[in-house]
Amino acid sequence: MTTEVVESTQGLYRFSITSTIDTGVVMSRVRNPLEPISTAVWTVLTLLAALMGIVLLGGLFADDMSVLGIGQKFVCVTDTPRIDVGKQSIPAFRPAPGASFTVEAHPEYCTQAPSAGQSLLNSATQVVPFIFIVGALLLALRLIRGAAREGLYTTRTAERLRWLGWWLLAGSVLTAIATSLAEKALIASLSLDSEISAVFGLLSWDVPFMAILTGLGVLSFARIMRVGITMREDLDGTV
């Protein structure tokens, strides 16, 4: 802080108080726009890694411990056909006047001595979805770290976003089909009366609508980013 005495034209004196500020500009730290999703992805990956570590560590001390179906000694699978249990066998359910009810059940097949093929099919129903989830998280983490390092509006960031979109779109469909095939093949191996075969899994898989819509949305954003990046590069070239 400095004080200056300036002489006026009328012979009087006035005081002028000025403050000196350093030439450096103090800027507030800008928060990373990718921080919310980055924290969420890191948290989920950390929890998955910790859970897998606990399960693997527990497998060293427990004989019946299994990881994603691997080493599981008791295998069960539920068939899709519904069986009418019958209204007379369950008297506890009483419909109101003018209403009716139906009791249905799904047959479940279990074995305490699964063969190598049955153990493999049982593990496939759990490993395949796990690989899809971990792959999506790793691609999202790769996208976040690359964007933080190189910037959001770059060609490589748009390319990473496109890879994530295709993984969500195609990966979710392939995961649903593979899981259904393994499940139906396991049912066929455990049941003599079921008409289901492994090929039936191609017709009865559950469509992952949310994952498909999310993948399409991510692909659309990736295309929009590429168009915007191209327009910016063209504008920079003309200036």
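This chain uses plain numbering: 1 for the first residue, then up along the sequence.
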task: Would you name the heavy atoms of Leu139 and Trp163 that are closest together and state the gap between them?
output: CD1-O, 4.0 Å
message: So, using side chain to side chain donor-acceptor pair (under 3.5 Å) as the criterion, who are the partners of Arg223 when residues are at least two apart?
response: none
query: Is there side-chain contact between Asn122 and Val77, with heavy atoms separated by less than 4.5 Å?
result: no
- prompt: Does OH belonging to Tyr153 count more than 12 external heavy atoms closer than 6.0 Å?
  reply: no
query: Would you say Phe221 has more than 12 foreign heavy atoms packed within less than 6.0 Å of its CZ?
result: no
pair Trp205-Leu181: side-chain heavy atoms closer than 4.5 Å: no
- request: State yes or no: do Ile224 and Leu213 share one hydrophobic cluster built from I, L, V, M, F, W and Y residues joined by side-chain heavy-atom distances below 4.5 Å, directly or via other members?
  value: no
task: Apply side-chain contact (heavy atoms from CB on, under 4.5 Å) to Ser172 and Ile212, showing your working.
output: CA-CA 7 Å; Ser172 62; Ile212 291 175; 4.0 Å; yes
- request: Sort out for me which residue in Leu141, Leu137, Leu47 forms a side chain to side chain contact (heavy atoms under 4.5 Å, CB included) with Trp42.
  value: Leu141
query: How would you list all residue pairs meeting salt bridge (Lys or Arg N to Asp or Glu O under 4.0 Å) that involve residues 152-164, not counting sequence neighbours?
result: Glu150-Arg156, Glu150-Arg160, Glu159-Arg162, Glu159-Arg226
- prompt: Do Val218 and Ile133 share a hydrophobic cluster (ILVMFWY, side-chain heavy atoms under 4.5 Å, transitive)?
  reply: yes
- prompt: Any chain of hydrophobic side-chain contacts (each under 4.5 Å) joining Leu174 to Val127?
  reply: no
- prompt: Is there a side-chain contact between Phe132 and Leu168, using heavy atoms and a 4.5 Å cut-off?
  reply: yes
field: Nearest non-hydrogen partners of Pro129 and Thr175, listed with the distance
entry: CA-CG2, 3.7 Å
